[in-house]
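Chain identifiers are assigned alphabetically (A, B, ...) following the order of the sequence lines, protein sequences preceding nucleic acid strands; residue numbering begins at 1 within each chain.
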2 protein chains.
Amino acid sequence: MPTSRSYRDSCGIARALDVVGERWALLVVRELLLTPQRFSELRHALPHVSSNLLADRLRELEHNGVIRRSPAGSRVYELTERGRGLEPILVALGDWGIDVPQPPGPAALSATSVLIFLRGAARPDPAAPPTTCRLELGGRVWTVRMASGRVEVQAGEPATAAVSIRTEPTTLSALLNDPARLASACADGSAAVVGDMSAVERLLRSVQDGGNNSSPMSTSLSGSAK
Amino acid sequence: MPTSRSYRDSCGIARALDVVGERWALLVVRELLLTPQRFSELRHALPHVSSNLLADRLRELEHNGVIRRSPAGSRVYELTERGRGLEPILVALGDWGIDVPQPPGPAALSATSVLIFLRGAARPDPAAPPTTCRLELGGRVWTVRMASGRVEVQAGEPATAAVSIRTEPTTLSALLNDPARLASACADGSAAVVGDMSAVERLLRSVQDGGNNSSPMSTSLSGSAK
DNA sequence: CTGGATCCACTGCGATACTG
DNA sequence: CAGTATCGCAGTGGATCCAG
């Protein structure tokens, strides 16, 4: 049964929190920032949310016009225009949260989380030629493109790609913190690269280089690499 | 007893929400955006929060470095540098929440809420000479200054002022929506103006004029004017 | 009087089990 | 796969009480 409790405050901030302030709500929105997702995909990305609560949140967010079913009535959830308006807020909140101490114990890390971080922190050389990477992460395929000094991320297969990478979010996060581990990750099988290895190195290093000057992301979001 | 429950997610967004995602936490931060406040002032601004919960939140936010006691050990709470980093996020969230339907029934509206809205929505004529207004709102005195096309708000008495206004947050909010009511508000005593009445009109109208083109605040945050 | 602490009822949440 | 059903408990809301 969906939550119905309000701050009873006219302020826009309070009204926003009436809609997206319940527990897990903003993390559901986060998961939908890059691509529509199914119920089971959301559960996989948010392993600590219980199924009934996820169902409640999806109902509430849909009722409040933040998300919708992709073909109406289906089980694929996507952001509405209004929901997409939360994107800059979530990105800013993520920047703010970077220097909050890591929670103790093992922590989840979804593909979407790492990719949003990558997209925001990477500063590829604007002079370098555009490069497209195919990335298989958390059971989905993503298109990661370095162009004009920034990184774009899309769900789905690229038309063409200089390189294909397969790994898990935790490993990718570790590599973003320390690109030098790429060789050993390939060696022990936690990452697999086919194609132009130097493109991968450029991608990883562009986070290291760019992170220092323009945003407070140096500590990064390295998962407790279990 | 303070809350200790984590999303157990390495993502910066989740870690931010571990700190400021609990109920009422961001509204406490909101109240401290313009000036340090005492426990009783926070209770007055947030009439629906229970005293034990407010005490819990203050403890947690202090423990997490978002707020501190103004002279350490006192009962005046203020934002830390880290806490102030939430300001742009809260402002953006407030913009987003503007077109969330007003909650049913009577709603609270703190002085801080109205002033943050005023500051963000007002677009005074950049060509007009700077003007300082003294504003007595919700039992505190504020300095509101129109200069170089925007409005600055500070707590405390101005050194000099073109006009002094005394009213309540709800009334001010109604006037921001409809400056034409200023005369009747003065007549029935819900607002009192001493000094340059035209300065007040300029301030109020600058919200109407500026709100349309640059931000989505036309529906405003009018309280249920009971 | 401010600045809380204590007690209690309730409901949203978390975990597990189960169903169309 | 996409949820629903159930249950114990933590977090919340509200009232009252207490210390400086």
Side-chain angles (χ1 to χ4, degrees), chain A residues 1-9 14 17-28 31-32 36-63 67-78 103 105-106 108 139-140, chain B residues 1-9 14 17-28 31-32 36-63 67-78 103 105-106 108 139-140:
Chain A
M1 153 189 330
T3 306
S4 85
R5 122 183 108 164
S6 167
Y7 285 108
R8 287 176 285 171
D9 189 312
L17 292 173
D18 277 345
V19 171
V20 294
E22 301 293 323
R23 197 162 166 76
W24 295 104
L26 282 177
L27 295 188
V28 170
E31 283 307 308
L32 297 177
Q37 305 243 62
R38 308 179 68 83
F39 191 91
S40 56
E41 295 173 307
L42 292 172
R43 285 209 72 184
H44 180 251
L46 270 20
H48 298 300
V49 70
S50 56
S51 57
N52 55 0
L53 193 52
L54 179 57
D56 279 356
R57 286 298 166 270
L58 290 170
R59 249 190 303 273
E60 296 171 37
L61 290 172
E62 185 180 8
H63 177 254
I67 66 175
R68 75 166 86 87
R69 320 281 188 99
S70 184
S74 83
R75 277 76 179 234
V76 181
Y77 298 90
E78 68 178 9
R140 287 184 74 137
Chain B
M1 161 185 325
T3 306
S4 85
R5 132 181 100 163
S6 166
Y7 285 107
R8 288 177 285 170
D9 189 313
L17 292 173
D18 277 344
V19 171
V20 295
E22 300 294 323
R23 197 164 164 75
W24 295 105
L26 282 177
L27 295 188
V28 170
E31 283 307 308
L32 298 177
Q37 305 243 62
R38 309 179 69 83
F39 190 91
S40 56
E41 295 173 307
L42 292 171
R43 284 210 74 184
H44 180 250
L46 269 21
H48 298 300
V49 69
S50 56
S51 61
N52 56 359
L53 194 52
L54 179 57
D56 279 357
R57 286 297 167 270
L58 290 170
R59 249 191 304 273
E60 295 171 35
L61 290 172
E62 185 180 7
H63 177 254
I67 66 175
R68 76 166 84 88
R69 321 282 188 97
S70 185
S74 81
R75 277 76 178 230
V76 182
Y77 298 90
E78 69 178 9
R140 287 183 75 137

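- Look at Tyr77(B) and you'll find a side-chain N or O under 4.0 angstrom from OP1 or OP2 of dG4(C).
- Under the 4.0 Å criterion applied to side-chain N and carboxylate O atoms, Arg59(A) and Glu62(A) are not assigned as salt-bridge partners.
- Across dA5(C), dG3(D), dG11(D), the shortest atom-to-atom separation from the side chain of Ala55(A) is found for dG3(D).
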Polar atoms only, N or O, under 3.5 Å: list the protein pairs with nucleotides 15-18 of chain C and their distances.
| unit_1 | atom_1 | unit_2 | atom_2 | d |
| --- | --- | --- | --- | --- |
| dA15(C) | N6 | Asn52(A) | ND2 | 2.5 |

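- Map Arg5(B) and Arg75(B) each onto its nearest nucleotide of DNA chain C; the residue landing nearer the 5' end is Arg75(B).
- Residues Leu54(B) and Trp24(B) have side chains not in contact (no heavy-atom distance under 4.5 Å, counting atoms from C-beta outward).
- A salt bridge is defined here as a Lys NZ or Arg NE, NH1 or NH2 lying under 4.0 Å from an Asp or Glu carboxylate O, and Glu78(B) with Arg68(B) meets this definition.
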Cut-off 3.5 Å, no hydrogens considered: what does the side-chain donor-acceptor table look like for residues 42-50 of chain B, sequence neighbours left out?
| unit_1 | atom_1 | unit_2 | atom_2 | d |
| --- | --- | --- | --- | --- |
| Ser50(B) | OG | Asn52(B) | OD1 | 2.7 |

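- Taking the side chain of Ser40(B) as heavy atoms from C-beta on, and the options dC13(C), dG3(C), dG13(D), the nearest nucleotide is dG3(C).
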Item to check | Candidate pair Glu31(A) and Glu41(A), rule side chain to side chain contact (heavy atoms under 4.5 Å, CB included), full reasoning | outcome: CA-CA 9 Å; Glu31(A) 283 307 308; Glu41(A) 295 173 307; over 6 Å; no
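- The side chain of Trp24(B) contributes no N or O atom lying less than 4.0 Å from OP1 or OP2 of dG11(D).
- Residues Gln37(B) and Arg140(B) bring a donor and an acceptor atom of their side chains to less than 3.5 Å of each other.
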